[in-house]
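A quick write-up on the structure given underneath.
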Amino acid sequence: MKIREILQRGEKSFSFEFFPPKNYSSILELGINVGQLIKLSPSFVSVTYGAGGSNQDASFNLIDYINNKIGLITMAHYTCVNATKEKVARDLDFFHEKNIENLILLRGDPPKGESEFINKGGDFHHASDLIDFAAKQNRFCIAAAGYPEAHPESIDLDSDIAHLKNKVAMGADFIVTQLFFDNAYYYDYVARARKAGVTVPIVPGIMPITNFTQIKKFTKMIGAKIPEALVHQLEPYQDDLAKTYEIGVEFAIRQCRELLDNGAPGLHFYTLNKSRATVDIFSSIK
Ligand code: FAD
């Protein structure tokens, strides 16, 4: 099923994101956690592609398995960093042959070890080029990425919104946002997008804080801010994972409830291949 049909029906979509595991223990961990999360009957699940230098075949194998062996509605992440048109055409054929109907199409992060994106002979410069290419095939429901606190490379939020609008003009059916912790950024982003003429659903991305040291590093990298009040709450418990979990999950529950009450079309959870926090949040907001 195409995710846009779920969103068009006005149903809230609840989705979980996974990444391909790299070794046996993480395969086992993912299996256990997918098992827990399936019980929540998600609207769809997604599998990242090439993020952090992960293996692209593993991503294809995992999305194929979840779609065709487990039978969940899936959305494959797919990036065009340095890819040729021939490669992309082959990969899109793979998704079609495997009945994977939903794709989130991205430019992609710079390859591992490089901090800046420099196109090395690829046919696609921006995600909008990839979206245009795939949308013309008329086979997929397409999502694109949005950045409530602006993409780290963008000049400002307005130019970022103009590029978002272009991604929708090229064929994106809905947007999934980068994670954020202050809902004000999301509300402002949606308002600006609507004013610019972007009418498609904008699904907020949620990452529960379960490890303060990790999240500080990650938010710095993607240009997201942790609200001062939350930092003050978490800081005294840097080394206390149980207390961090309690604070992080309680915060996420409030954040999710507020987003849904204020009209968010659903929630997309960055699960980091773990299930406990998402299960606790989900049970509390459903
Ligand atoms: P783009 O939309 O191309 O934007 C990149 C930058 O270029 C922005 O600053 C934008 O403002 C600017 N821009 C866009 N169009 C133009 C234009 N025409 N002219 C000038 N500037 C322009 N990465 C992975 O590697 N694998 C994944 O699986 C993955 N999944 C993700 C899922 C979500 C929901 C999100 C939010 C991000 C994900 N990412 C993933 C990260 C993403 O690849 C990076 O954020 C990347 O740096 C930008 O991708 P994009 O698709 O937003 O690019």
Side-chain angles (χ1 to χ4, degrees), residues 3 13 15-20 44-56 58-60 62-63 74-83 88 91 95 100 102-119 122-134 142-180 185-186 189 192-193 196 198 200-207 218-224 266-273:
I3 296 163
S13 77
S15 48
F16 305 137
E17 180 173 311
F18 303 115
F19 58 84
F44 66 95
V45 303
S46 77
V47 174
T48 64
Y49 175 86
S54 66
N55 183 307
Q56 299 182 356
S59 176
F60 279 26
L62 183 58
I63 194 89
T74 55
M75 175 172 81
H77 295 224
Y78 185 70
T79 70
C80 57
V81 168
N82 299 331
V88 170
D91 290 344
F95 291 131
I100 293 153
N102 306 288
L103 308 176
I104 178 161
L105 298 179
L106 308 131
R107 184 196 68 188
D109 283 324
K112 208 176 180 184
E114 296 171 28
S115 56
E116 201 184 326
F117 176 74
I118 300 160
N119 190 344
D123 289 326
F124 303 86
H125 291 275
H126 303 290
S128 52
D129 303 326
L130 175 61
I131 292 168
D132 184 32
F133 187 83
I142 297 173
Y147 302 85
E149 296 179 66
H151 184 265
E153 288 167 38
S154 64
I155 306 162
D156 55 28
L157 195 50
D158 284 338
S159 66
D160 222 23
I161 296 274
H163 298 136
L164 179 81
K165 189 177 175 186
N166 191 32
K167 291 197 265 197
V168 175
M170 291 302 128
D173 295 294
F174 68 103
I175 308 299
V176 181
T177 78
Q178 183 58 278
L179 65 95
F180 58 88
Y185 287 114
Y186 172 79
Y189 185 71
R192 283 172 190 249
V198 175
V200 299
I202 301 177
V203 179
I206 302 295
M207 187 184 279
F218 190 57
T219 47
K220 198 168 167 208
M221 203 169 75
I222 61 166
L267 300 168
H268 182 71
F269 288 93
Y270 296 99
T271 68
L272 297 178
N273 289 5

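Computed over heavy atoms, backbone and side chain alike; hydrogens, waters and symmetry mates excluded. For ligands, and for the atoms within them, numbers begin at 1 and follow the listed sequence.
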Problem set entry | Centroid separation Tyr270 to His268 less than 6.0 Å | yes
Exercise. For ligand 1, is there an N or O atom under 3.5 Å from any N or O atom of Ser159?
Worked result: no
Problem set entry | Test item: side-chain donor near acceptor, Thr48 and His77, under 3.5 Å | no
Exercise. So do Leu164 and Tyr147 actually touch side chain to side chain, heavy atoms under 4.5 Å?
Worked result: no
Seminar exercise, completed: Shortest non-hydrogen pair, Pro204 vs Thr177, comes out as CA-OG1, 3.5 Å
Exercise. In terms of atom number and element, which parts of ligand 1 are under 4.0 angstrom from non-hydrogen atoms of Ala145?
Worked result: 35 (C), 36 (C), 52 (O)
Seminar exercise, completed: Looking at His125, Met75, His126, the heavy atom closest to atom 15 (N) of ligand 1 belongs to His126
For this session: Would you mind running through ligand 1 and noting each atom that sits below 4.0 Å from a heavy atom of Glu153?
Result: 9 (O)
Exercise. For ligand 1, which atoms sit closer than 4.0 Å to a heavy atom of Tyr270?
Worked result: 33 (C), 34 (C)
Problem set entry | Winner among Glu17, His163, Gln178 once heavy atoms are compared against atom 12 (C) of ligand 1 | His163
For this session: Classify the angle between the aromatic ring planes of Phe180 and Tyr186 as parallel (below 30°), tilted (30 to 60°) or perpendicular (above 60°).
Result: parallel
Problem set entry | Side chain, backbone, both or neither: His151 near ligand 1, heavy atoms under 4.0 Å | side chain
Problem set entry | Min side-chain heavy-atom separation Met170-His126 under 4.5 Å | no
Exercise. Are side-chain heavy atoms of Tyr78 and Val88 found at a separation under 4.5 Å?
Worked result: yes
Exercise. Which residue from Thr177, Leu106, Ile131 reaches closest to atom 38 (C) of ligand 1 through any of its heavy atoms?
Worked result: Leu106
Seminar exercise, completed: Of Asp160, Asp156, Val176, Leu130, the one whose closest heavy atom lies nearest atom 11 (O) of ligand 1 is Asp160
Exercise. Got Thr74 and Val47 here, is their nearest side-chain heavy-atom distance under 4.5 Å?
Worked result: no
For this session: Have a look at Arg107, Lys167, His77 and point out the one with the heavy atom closest to atom 5 (C) of ligand 1.
Result: Arg107
Exercise. Looking at Thr48, which atoms of ligand 1 are within less than 4.0 Å of one of its heavy atoms?
Worked result: 28 (O)
For this session: Heavy-atom distances under 4.0 Å are what count here, so tell me which part of Thr79 touches ligand 1: side chain, backbone, both or neither.
Result: side chain
For this session: Begin with the C-alpha distance, continue with both residues' side-chain angles, and end with the deciding distance and a verdict on side-chain contact (heavy atoms from CB on, under 4.5 Å) for Tyr189 and Gln178.
Result: CA-CA 12 Å; Tyr189 185 71; Gln178 183 58 278; over 6 Å; no
Exercise. Which of the atoms in ligand 1, numbered in the order shown and given with their element, are less than 4.0 Å from a heavy-atom of Ala127?
Worked result: 1 (P), 2 (O), 3 (O), 51 (O), 53 (O)
Exercise. Is any side-chain heavy atom of Val168 closer than 4.5 Å to a side-chain heavy atom of Ile175?
Worked result: yes
Seminar exercise, completed: If we number the atoms of ligand 1 from 1 as shown, the ones under 4.0 Å from a heavy atom of Ser154 are 9 (O), 11 (O)
For this session: Show which atoms of ligand 1 fall inside a sub-4.0 Å distance from at least one heavy-atom site of Gly108.
Result: 25 (O), 43 (O), 46 (C), 47 (O), 49 (O)
Exercise. For atom 37 (C) of ligand 1, which of Tyr49, Phe124, Tyr147 has the closest heavy atom?
Worked result: Tyr147
